[in-house]
Amino acid sequence: MAKYKEYRDQFVIAHLVDLDNPETVTSYAAHLSRMLGKGVILLHVSDPAFHSPMPEEAEARMQDIKQRMMETEHLTDVNYAALKGDTKSIIDALPLLLGGVVAVAKVDEDAPKSSLLNPKTLLRIYQNCKIAFLTAQEPLPYGKSLQRVALTIDYKKESKEKMLWSTYFARFNHSVVHPLYYQYTDEGLKYKWYANMKFMKKLYDGLSITFVPYVIAGKKSFVDLPALDFAHRQGIELLIAVTTNEKDVAEWFIGTQEQRTIVNEYHIPVLFVNPREDVYVLCD
C-alpha cells in the first residue's frame with residue numbers, strides 16, 4: 001500500500017492556447033517553477049467554443065514544447081495534459097484536477113472575443129479560479145527575474161490576498177516588494193486602509209521581509225492604473241492584483257479595474273488572485 005501523503009503534489013499550470021507561440025507562457029511558467037520548486041504541467045483544452053485543436057493533435061505539439069522547454073529552461077519535471085471539455089469548468093477545477101497552485105496565461109489585446117487570448121474573455125474564464133493566475137503579453141525578457149514586484153494597498157479587505165502572494169516572491173525569489181498606496185482623505189476609508197497597512201507590516205515583519213513602500217498619485221478607485229505608470233518608471237517587473245469581487249453600478253458600464261490593467265502599454269505582467277474564501281495556497 002502506498003504511503004499516505006499529507007499534501008498532494010502541486011504544479012505550475014502553463015495554459016497553452018496558442019500552440020504555435022508558447023514562449024510567453026513557458027518562460028513565466030519556468031521561472032515560477034524554479035522559484036517555487038514545483039513541476040510544470042502544460043495544459044491545452046480542446047473546447048469547441050474556441051475552435052481548439054483536438055487532444056491528439058495538441059498532445060503531439062505539446063510533446064515538442066515540453067522537450068524544448070526542458071532543454072532551454074533546464075527543467076526536469078515537465079508534463080502535459082490535453083483535455084477535452086469546457087474550458088471554464090476545467091480552469092475552475094485546476095487545484096484538484098491537476099494539483100495546480102498557480103497558472104500562467106497569455107493575453108493579446110488584438111485577439112477577437114472568440115479567442116481565449118482576448119483579455120476580457122480570459123478574465124471571464126478565470127473568474128472563479130481557485131488559484132492565482134499570471135497573465136503576460138510577451139515572454140519574460142532575457143536576464144529578467146521578477147526581482148521587483150509591486151502591489152497596491154487600498155481600503156478593501158482583498159488587499160490581504162495580494163500580500164500573501166507578495167511574500168512568496170520575497171521569500172523564494174528574493175524579490176524586493178513595493179507596497180503602493182494612495183493617501184486617503186476620507187476618514188472612513190483611511191481607517192480601513194490603515195488597518196491593512198498594520199496587517200501587512202505584521203505579516204512582513206514576521207517573515208523578515210524587507211519592503212519599500214511608495215505613495216502614488218491616484219484616486220480611491222482603479223488605483224492599479226497609476227500603479228502601472230509608477231511601476232514602469234521605477235523598473236518594477238510585476239504587479240500583483242486582485243479581481244473585482246462585486247461590481248458597483250459604474251463598473252457594470254465602464255468595466256472593472258482588471259479589464260483595464262491585464263493588458264497595458266508597458267507590457268508589465270500581472271498576477272491576479274480571485275478574492276474567495278477557498279483560494280488555494282502553497283504547501284510550504
Open item on the list: I need the M35 CE to R171 CZ distance, nearest 0.5 Å.
Closed with: 9.5 Å
Open item on the list: Same cluster or not: Y191 versus V223, using hydrophobic residues (I, L, V, M, F, W, Y) connected whenever any side-chain heavy atoms lie under 4.5 Å apart?
Closed with: no
Task: Derivation of the side chain to side chain contact (heavy atoms under 4.5 Å, CB included) call for L117 and L122 - done: CA-CA 6 Å; L117 298 175; L122 182 74; over 6 Å; no
Report, one line per pair, each donor and acceptor closer than 3.5 Å where one atom sits in a side chain of residues 76-85; sequence neighbours left out.
unit_1	atom_1	unit_2	atom_2	d
D77	OD1	N79	ND2	3.2
Y80	OH	Q63	OE1	2.9

Open item on the list: With a sphere of 6.0 Å drawn around NZ of K160, does it hold more than 12 non-hydrogen atoms of other residues, nucleotides or ligands?
Closed with: yes
Task: Charged N-O contact under 4.0 Å between E187 and K190 - done: yes
Task: Pairs involving residues 58-67, ordered by first then second residue, that meet salt bridge (charged side-chain N to carboxylate O under 4.0 Å, His left out) (sequence neighbours left out) - done: D20-R61, E57-R61
- [ ] Output the distance between atom CG (L180) and atom CZ (F230), rounded to the nearest 0.5 Å.
- [x] 6.0 Å
Task: side chain to side chain donor-acceptor pair (under 3.5 Å) partner of Q257, the single match among T152, T243, D224 - done: D224
TODO: Return yes if a side-chain donor-acceptor contact under 3.5 Å exists between N173 and S175, otherwise no.
DONE: yes
TODO: Say whether, by atom type as modelled, one donor and one acceptor occur between the side chain of N21 and the main chain of D18 under 3.5 angstrom.
DONE: no
Task: Non-hydrogen atoms of P22 and L16 that approach each other most closely - done: CB-CD2, 3.8 Å
Open item on the list: Going by side chain to side chain donor-acceptor pair (under 3.5 Å), name the residues that satisfy it together with Y126, two or more places apart in sequence or in a different chain.
Closed with: H15
Task: Qualifying salt bridge (charged side-chain N to carboxylate O under 4.0 Å, His left out) pairs, either residue in residues 108-119, two or more places apart - done: none
TODO: Group every Ile, Leu, Val, Met, Phe, Trp and Tyr by side-chain heavy-atom contacts under 4.5 Å, then state whether I65 and M54 land in the same group.
DONE: no
Open item on the list: Given 3.5 Å as the limit, does a donor-acceptor pair link the side chain of E237 with the main chain of Q147, or not?
Closed with: yes
Only distances under 3.5 Å count here; give the side-chain donor-acceptor pairs of residues 198-217 to other protein atoms, sequence neighbours excluded, each with its distance to 0.1 Å.
unit_1	atom_1	unit_2	atom_2	d
K201	NZ	D205	OD2	2.7
Y204	OH	S166	OG	2.6

- [ ] Please name the pair of heavy atoms, one in V177 and one in A170, separated by the smallest distance, quoted to 0.1 Å.
- [x] CG2-CB, 3.8 Å
Task: Distance (rounded to the nearest 0.5 Å) between L140 CG and T24 OG1 - done: 10.0 Å
Open item on the list: With no hydrogens and no angle check, just 3.5 Å: does a side-chain donor-acceptor pair link S52 and D47?
Closed with: no
Task: For G100 against I131, the heavy-atom pair lying closest together - done: O-CG2, 3.3 Å
Open item on the list: Please check: side-chain N/O of Q259 versus main-chain N/O of T256, any donor-acceptor pairing under 3.5 Å?
Closed with: yes
Task: Over all atoms of both residues, closest heavy-atom pair of P269 and Y28 - done: CG-OH, 3.4 Å
- [ ] State the CG-SG distance between L123 and C129, to the nearest 0.5 angstrom.
- [x] 11.5 Å
Task: E73 versus T26, side-chain donor and acceptor atoms under 3.5 Å - done: no
- [ ] Give a yes or no on whether the backbone of D92 and the side-chain of N128 come within a donor-acceptor separation of less than 3.5 Å.
- [x] no
Task: Distance (rounded to the nearest 0.5 Å) between I240 CD1 and S159 OG - done: 12.0 Å
Task: Distance in Å, I153 CD1 paired with K162 NZ, rounded so as to fall on 0.5 Å steps - done: 6.0 Å
Open item on the list: If you define the side chain from C-beta out and look only at heavy atoms, does anything of S115 sit under 4.5 Å from F50?
Closed with: no
- [ ] Could you list all the ring-ring contact (aromatic ring centres under 6.0 Å, His included) pairs where at least one residue sits in residues 258-277, not counting sequence neighbours?
- [x] F133-F272, H232-Y266
- [ ] Using the six-membered ring wherever Trp is involved, compare the ring planes of F169 and W165 and label them parallel, tilted or perpendicular (cut-offs 30° and 60°).
- [x] tilted
Task: CA sep, side-chain torsions, deciding dist, call: L94, K130, side chain to side chain contact (heavy atoms under 4.5 Å, CB included) - done: CA-CA 8 Å; L94 280 180; K130 296 184 179 72; over 6 Å; no
Open item on the list: Side chains of V104 and I13, heavy atoms from C-beta outward: is any pair under 4.5 Å?
Closed with: no
Open item on the list: Could you report the tightest heavy-atom contact between L239 and I268, atom names first, then the distance?
Closed with: N-CG2, 4.1 Å
Open item on the list: side chain to side chain contact (heavy atoms under 4.5 Å, CB included) for V270 and I262? Distances and angles first, verdict last.
Closed with: CA-CA 6 Å; V270 183; I262 185 171; 5.8 Å; no
Open item on the list: With a 4.5 Å cut-off on side-chain heavy atoms, are L146 and H31 touching?
Closed with: yes
